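Have a look at the structure below, then the notes.
The structure presented is a predicted model; accordingly, all values stated were derived computationally and were not measured.
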There are 2 protein chains.
Amino acid sequence: MGATKNEIFHDQINEEAAIFKALGHPARLAIVKTLLTYKTCVGNYLTNEIPLAQPTISQHLKVLKNVGIIQGTIEGKSVCYCLNHNLIERLRVFVGDMLLQYDLQQTKCDC
Amino acid sequence: MGATKNEIFHDQINEEAAIFKALGHPARLAIVKTLLTYKTCVGNYLTNEIPLAQPTISQHLKVLKNVGIIQGTIEGKSVCYCLNHNLIERLRVFVGDMLLQYDLQQTKCDC
DNA sequence: ATAACATATCGTAATATTGCAATATGACAA
DNA sequence: TTGTCATATTGCAATATTACGATATGTTAT
């Protein structure tokens, strides 16, 4: 117990849930939104902007990187982060599919 | 330490992150997808369909209800669940905004 | 070489989440 | 009223997450 039972779900659902989960923390969502705002990639701007300790920010960046939402390139002594195109497009597709499915059904809920 | 520091973020980011977080577990995403598929509301169908114990499913339903993604109406001895229109539309808007912002920026990332 | 800077990693404490058995609740049927 | 069904709640153990101080790593400037 304690750990999520990923084995019992399809890979696709596990992956989609993992993307949502990564976005499901205010600091990480703030990082993503910052990367949406400043087209040019950000480095330690985040550490100054978000009032959390540097190791904490670094950890959140790692979570986003592991899921594939962002990528970072070393640029001198700082790291240049930006959004990962493939992941954003996956998000667009599967959230789009969910919302489309919703649109096609809603005459029915009589709760 | 240990708990998320919601105080340091804007309400809007906290709320959006909370929605993502609720969707960020395969069992809960499976529940939402089931509600998308079976237009008519589901009851203990979920308990039979998802191989997790009944209290576990009940707990996940509670999480989705607390965030407002689903709503349940007592219907005899079972409960009729369905998606909450307002929440789905909020999701559509803020994810749509994020993706639009992404579309408007992407000539820039040179990582 | 040394200092300064940006970032990552390690170790750890506090807290949250996940999952389930046991049990409670509430509705219907006999 | 008693039993059965569907769901919720409680209590608890296992595990994961969040946050940070201390420290390591790697790069540039002096």
Those residues of residues 16-30 of chain B lying under 4.0 Å from DNA chain C by at least one heavy atom: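 By residue number: B:Lys21, B:His25, B:Arg28.
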
Partners passing salt bridge (Lys or Arg N to Asp or Glu O under 4.0 Å) against B:Glu89 (at least two apart in sequence or in another chain):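 With neighbours one apart ignored, the set is B:Arg92.
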
Residues which pass side-chain contact (heavy atoms from CB on, under 4.5 Å) with [X], listed by chain and number, not counting sequence neighbours:
X	value
A:Ser58	A:Gln54
A:Asp97	A:Val93
A:Val32	A:Leu23, A:Leu36, A:Leu64, A:Ile69, A:Leu83, B:Met98
B:Ala30	A:Phe9, A:Ile13, B:Ile50

Can you measure [X] atom [atom1] to [N] atom [atom2] for me and round it to whole angstrom units?
X	N	atom1	atom2	result
A:Lys5	D:dA16	NZ	P	14 Å
B:Asn6	D:dT18	CG	P	11 Å
B:Asn44	C:dA27	CG	P	17 Å
B:Gln59	D:dT10	CD	C1'	11 Å
A:Ile8	C:dC20	CD1	P	7 Å
B:Leu64	C:dT18	CG	C1'	14 Å
B:His60	C:dT17	NE2	P	12 Å

Of A:Lys62 and A:Ser78, the one whose closest DNA chain C nucleotide lies more 5': A:Ser78

Close side-chain approach of B:Ile70 and B:Leu61, heavy atoms under 4.5 Å: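 Yes. Closest side-chain heavy atoms under 4.5 Å.
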
Any residue of residues 45-58 of chain B with a heavy atom less than 4.0 Å from an atom of DNA chain D: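 Only B:Gln54, B:Pro55, B:Ser58 qualify.
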
Partner residues of A:Phe94 under the ring-ring contact (aromatic ring centres under 6.0 Å, His included) criterion, sequence neighbours left out: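 Listed in chain order: A:Phe20.
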
Pairs touching residues 10-23 of chain B that satisfy side-chain hydrogen bond (donor to acceptor under 3.5 Å, both in side chains), sequence neighbours left out: A:Lys33-B:Glu16, B:Gln12-B:Glu16, B:Glu15-B:Arg90

Verify same cluster id: A:Ile19, A:Val63 (apolar side-chain graph, 4.5 Å):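 Different clusters: A:Ile19 never reaches A:Val63 through Ile, Leu, Val, Met, Phe, Trp or Tyr contacts under 4.5 Å.
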
Contact list for residues 48-71 of chain B, test salt bridge (Lys or Arg N to Asp or Glu O under 4.0 Å), sequence neighbours left out: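 Salt bridge (Lys or Arg N to Asp or Glu O under 4.0 Å) check on residues 48-71 of chain B returns no pairs.
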
Ring pair (Phe, Tyr, Trp, His ring centres under 6.0 Å) contacts in which one or both residues fall within residues 48-68 of chain B, not counting sequence neighbours: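 Of all non-adjacent pairs touching residues 48-68 of chain B, those that pass ring pair (Phe, Tyr, Trp, His ring centres under 6.0 Å) are B:His25-B:His60.
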
At a cut-off of 3.5 Å, list every protein nitrogen or oxygen paired with a nitrogen or oxygen from nucleotides 28-30 of chain D, distance to 0.1 Å.
none

Listed nucleotide nearest any side-chain atom of A:Val79, set C:dA8, D:dA8, D:dA19: C:dA8

